[in-house]
Engineer: 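Provided herewith is a single structure, encoded as structure tokens, for subsequent inquiry.
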Protein chains: 2
Amino acid sequence: MIHEKKRTFNEFAASKGLRSTRQRDIILDVFLSTHQHVSVEELYLKVKASNPGVGQATVYRTLKLFVEAGLAREVLLHDGQTRFEHVMAGEHHDHLVCTGCNAIIEFENETIEKLQDEIATRHGFKIRSHKLEIYGLCASCKG
Amino acid sequence: MIHEKKRTFNEFAASKGLRSTRQRDIILDVFLSTHQHVSVEELYLKVKASNPGVGQATVYRTLKLFVEAGLAREVLLHDGQTRFEHVMAGEHHDHLVCTGCNAIIEFENETIEKLQDEIATRHGFKIRSHKLEIYGLCASCKG
DNA sequence: CGGTAAAATGAAAATGATTATCAAAAGCAG
DNA sequence: CTGCTTTTGATAATCATTTTCATTTTACCG
């Protein structure tokens with residue numbers, strides 16, 4: 001399938017004069033095949049599984065490019081590792097993070113988004129992105 | 001003034017069988033004298049200014065105690081340093097973070113809090129805390 | 001009051017994630 | 001192809017945070 005994110009990245013690369021490389025293709029493919037909050041380490045391991053030659057530094061560098069290109073976003077959880085998630089055009093999801101088992105439940109709420117817009121407007125603020133994380137115990141962990 | 005947070009911490013210390021030490025008193029005083037999002041480094045420097053003997057590790061250790069005691073909360077911004085903010089009993093504030101000048105504007109919104117409770121309930125989730133950060137450009141920076 | 005066991009501290013080493021360096025390899029325009 | 005520039009991979013460096021451990025403090029008990 002021709003992923004529309006690949007197009008996005010190619011356009012970004014072209015506009016920045018970046019060269020097209022095998023490793024960037026691989027890393028983008030692997031990233032697109034993941035779901036939710038991949039850490040660099042996790043992604044690196046997945047990449048290495050099929051392409052042993054690729055270095056960790058390249059994965060770091062490439063993920064930063066994805067963020068610049070607008071197709072990934074950094075998520076800081078409390079495990080000391082920066083994670084990356086997919087940016088979905090138009091929609092935005094937030095997270096319920098279970099501090100018991102580290103499970104992450106995603107949700108969306110239109111009203112909250114609207115309220116954020118109002119708040120921003122009231123402060124003369126131009127929103128670029130946001131992050132809402134709710135910490136607590138999930139159904140299984142609260143026992 | 002007898003800060004009510006000191007009482008909170010003393011109760012916590014007592015319940016945990018922690019000993020009362022000079023450095024914990026100092027660090028608590030300095031922390032209480034700060035506003036918004038102090039990094040460990042910043043707090044350490046402030047402490048060292050009046051009490052050169054206190055070590056950085058102690059500041060780290062003590063801040064974690066404050067979090068356990070419920071009077072501080074970790075805030076992860078994108079500058080690679082963990083920051084700590086005051087937990088205000090009952091109320092919770094969120095942040096508008098300007099990506100231009102790094103200014104932080106705090107706000108509160110009762111409706112958003114209520115919506116979060118609803119969402120959590122719907123997922124069988126027991127909320128312990130949450131974090132909402134809106135990134136963008138402040139009035140001066142969006143110019 | 002000492003005396004003592006347990007906890008806390010400070011300095012320094014260790015760790016873990018991320019970034020910088022740099023020589024070698026790869027992409028691209030001519 | 002040729003030559004120039006970007007990208008890469010391996011490794012060293014960096015930065016925040018944690019551990020370690022010998023030494024100092026604290027709390028308690030007689």
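Everything quoted here is computed from the prediction, not taken from an experiment. Protein chains get the first letters and strands the later ones, always in sequence-line order, with residue 1 at the start of each. Hydrogens, waters and symmetry mates play no part in the numbers below; they use all other heavy atoms, side chains included.
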Engineer: Rounding to an integer number of Å, can you tell me how far A:E42 CD sits from C:dA17 P?
Structural biologist: 11 Å

Engineer: Name the residue closer to the 5' end of DNA chain C, choosing between B:R22 and A:Q81 according to the nucleotide with the nearest heavy atom.
Structural biologist: B:R22

Engineer: Whole Å only: how far is the OH atom of A:Y44 from the P atom of D:dG9?
Structural biologist: 9 Å

Engineer: Check every strand shown and say whether B:K16 touches a base, only sugar-phosphate, or nothing at a heavy-atom separation below 4.0 Å.
Structural biologist: nothing

Engineer: Distance check: side-chain N/O of B:T58 vs OP1/OP2 of C:dA8, anything under 4.0 Å?
Structural biologist: no

Engineer: Within the 4.0 Å heavy-atom criterion, would you say A:R24 contacts the bases, only the backbone, or no part of the nucleic acid?
Structural biologist: sugar-phosphate

Engineer: Using the ring of each side chain (for Trp, its six-membered ring), is B:H86 parallel, tilted or perpendicular to B:F31, with breaks at 30° and 60°?
Structural biologist: parallel

Engineer: Rounded to whole angstroms, how far apart are NZ on B:K48 and C1' on C:dG10?
Structural biologist: 12 Å

Engineer: When you measure only distances, ignoring hydrogens and angles, does the side chain of A:R19 come within 3.5 Å of the base of D:dT5 through a donor and an acceptor?
Structural biologist: yes

Engineer: Please determine, for the side chain of A:S20, which listed nucleotide (D:dG9, C:dA17, C:dC28) has the closest atom?
Structural biologist: C:dC28

Engineer: Rounded to whole angstroms, how far apart are CD on A:E74 and C1' on C:dT18?
Structural biologist: 11 Å

Engineer: Do B:Q81 and B:E42 have side-chain N/O donor and acceptor atoms under 3.5 Å apart?
Structural biologist: no

Engineer: If you measure from the Lys or Arg side-chain nitrogens to the Asp or Glu carboxylate oxygens, is any gap between A:D25 and A:K6 under 4.0 Å?
Structural biologist: no

Engineer: I want to check something: taking the side chain as every heavy atom from C-beta on, are B:E133 and B:V75 in contact at a cut-off of under 4.5 Å?
Structural biologist: yes

Engineer: Toward the 5' end of DNA chain D, which comes first, B:G80 or A:P52, by nearest nucleotide?
Structural biologist: A:P52

Engineer: Using whole Å, what does the distance between atom P of nucleotide C:dT18 and atom CG of B:L76 come to?
Structural biologist: 12 Å

Engineer: Separation of B:I27 atom CD1 from C:dT9 atom C1', in whole Å?
Structural biologist: 10 Å

Engineer: Centroid-to-centroid, B:H95 to B:F107, below 6.0 Å?
Structural biologist: no

Engineer: Rounded off to whole Å, could you give me the OH-to-C1' distance for the B:Y60 and D:dT19 pair?
Structural biologist: 13 Å

Engineer: Is there a donor and acceptor pair closer than 3.5 Å between the side chain of A:R61 and the base of D:dG9?
Structural biologist: yes

Engineer: Which part of the nucleic acid does A:T82 contact within heavy-atom distance under 4.0 Å: base, sugar-phosphate only, or nothing?
Structural biologist: sugar-phosphate

Engineer: Could you say whether A:A57 or B:E41 is positioned toward the 5' end of DNA chain D, judged by the nucleotide with the nearest heavy atom to each?
Structural biologist: A:A57

Engineer: Can you check the B:Q23 CD to D:dT26 P distance for me, whole Å?
Structural biologist: 7 Å

Engineer: What nucleic acid atoms does B:G53 come within less than 4.0 Å of, heavy atoms only: base, sugar-phosphate, or nothing?
Structural biologist: sugar-phosphate

